[in-house]
*Asks:* 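First the structure, then my questions, so here it is.
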Amino acid sequence: MILVTGGAGYIGSHTVVELQQQGYEVVIVDDLSNSHSNVIDNIEKITGKKPKFACFNLADNARTAAFFAEHTIEAVIHFAAHKYVGESVREPLRYYYNNFLSTLNILQAMQKHGILHFVFSSSCTVYGQAEVLPVTEQSPVKPAECPYGNTKQVIEEILRDICLADAYFQVISLRYFNPIGAHDSALIGELPLGVPQNLVPYITQTAIGIRDSLQVFGDDYNTNDGTCLRDYIHVVDLAKAHVVALDRLLHGKMGNNYETFNIGTGTPTSVLEIVHAFEKVSNKQLPYTIVGRRQGDVEKVWADTTLANTVLGWKAEKNLEEMMRSAWNWELALKEKINL
Ligand code: UD1
């Protein structure tokens, strides 16, 4: 059985679908602090199989220990974490407490039960504003700009140290670039609570009338059209990378017992290019205004995906149009549900 922490969340739920479709048995642990219990039912609608589900917070050591005592877990894919940059600046203690304690509790329980395989949700945020682009896994890790980013960096270090101390413990850290889009079924997708912090949900909510207008944060960057460049990746492609990583761990294919991979498309896209791609697939004109830069934004970052393509044997397949169309279909499906 594979434990997927945060499996009711955005990336987690898409990963559970891909795992089940490849024949893996999954148990989800999620406290539903940033997700909804009907995600579990919707996963079942897609795959025909209801994943096992336990609702609790993994920062609770006793509860986590009891969970591991009650289940036979072969590997852990660890998504569960607070994830908002701005919020982490305002509430650093809450971020450090939750993200560190949950990870440490899981690792402690894994050690106790001799569970040796771990996939970690890391982020391209560890590169900060890289001097050389695209970034490879060897690009320097920059001092974190926010507590959220710091939790990703420090947890990577903790995992590296554990792997150094225990040659049998095997970890893959996946550094995600910018996941967007939703499952083709439009049954699962991103469910931001309150005002979305990220670009694509803000765009789809604007187009459907929940928000008045998109604010584009800065058009005076040193890029093709002055707006920031990112490496946007379809969430289903990203989910599939986890299945490949898990296969690598479970089938003894690791070159080293700690490995890191960039998970992106390798293609930079500007904010305005995203807006135009959305307008094309939705046939709608998106109201937007250019405003000042957002504090903490990097100007540009995109991935060198050679390692993931060659060593992991994974490659992103979906293009920008598919990303934007699926995001829009998901927003339309959400509206229908609210109107029912
Ligand atoms: C951020 C984090 C990243 C985190 C990810 C998921 C930074 C530097 N990176 O990515 O670590 O994993 O969120 O939470 O903070 N934009 C607008 N208007 C908006 C929203 C966004 O113009 O209303 C622009 C941003 O300035 C940026 C791009 O859209 O250039 C993408 O922003 P966003 O979706 O928030 O992702 P990142 O900031 O790249």
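Scope of the values below: all heavy atoms of this structure, side chains included, with no hydrogens, waters or symmetry mates. For this chain, numbers begin at 1 and follow the sequence in order. Both ligands and their constituent atoms are indexed starting at 1 by order of listing. Source: prediction; values computed, not measured.
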*Asks:* Do the rings of His242 and Phe79 sit parallel, tilted or perpendicular, given the 30° and 60° boundaries?
*Replies:* tilted
*Asks:* Using distance alone, with no hydrogens and no angle criterion, decide if Tyr232 and Thr265 have a side-chain donor and acceptor under 3.5 Å apart.
*Replies:*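 On atom types as modelled, these side chains do not qualify, holding no pair under 3.5 Å.
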*Asks:* Do the side chains of Glu87 and Gln197 get nearer than 4.5 Å, heavy atoms only?
*Replies:*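 With C-beta onward as the side chain, the pair stays apart.
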*Asks:* Which residues pass the ring-ring contact (aromatic ring centres under 6.0 Å, His included) test with Phe217, sequence neighbours left out?
*Replies:* none
*Asks:* Angle between ring planes, Phe67 versus His71, binned at 30° and 60°: parallel, tilted or perpendicular?
*Replies:*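 Answer is parallel, since the angle falls under 30°.
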*Asks:* Indicate whether the side chain of Ser88 and that of His82 have a donor and an acceptor atom separated by less than 3.5 Å.
*Replies:*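 The answer is no; no qualifying pair exists.
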*Asks:* Might you list the protein residues in contact with ligand 1, defined as having a heavy atom under 4.0 Å from one of its atoms, sorted by chain and number?
*Replies:* Lys83, Val85, Ser123, Thr125, Tyr148, Asn178, Gln197, Asn198, Leu199, Leu214, Gln215, Val216, Phe217, Cys228, Arg230, Tyr232, Val271, Arg294, Gly296, Asp297
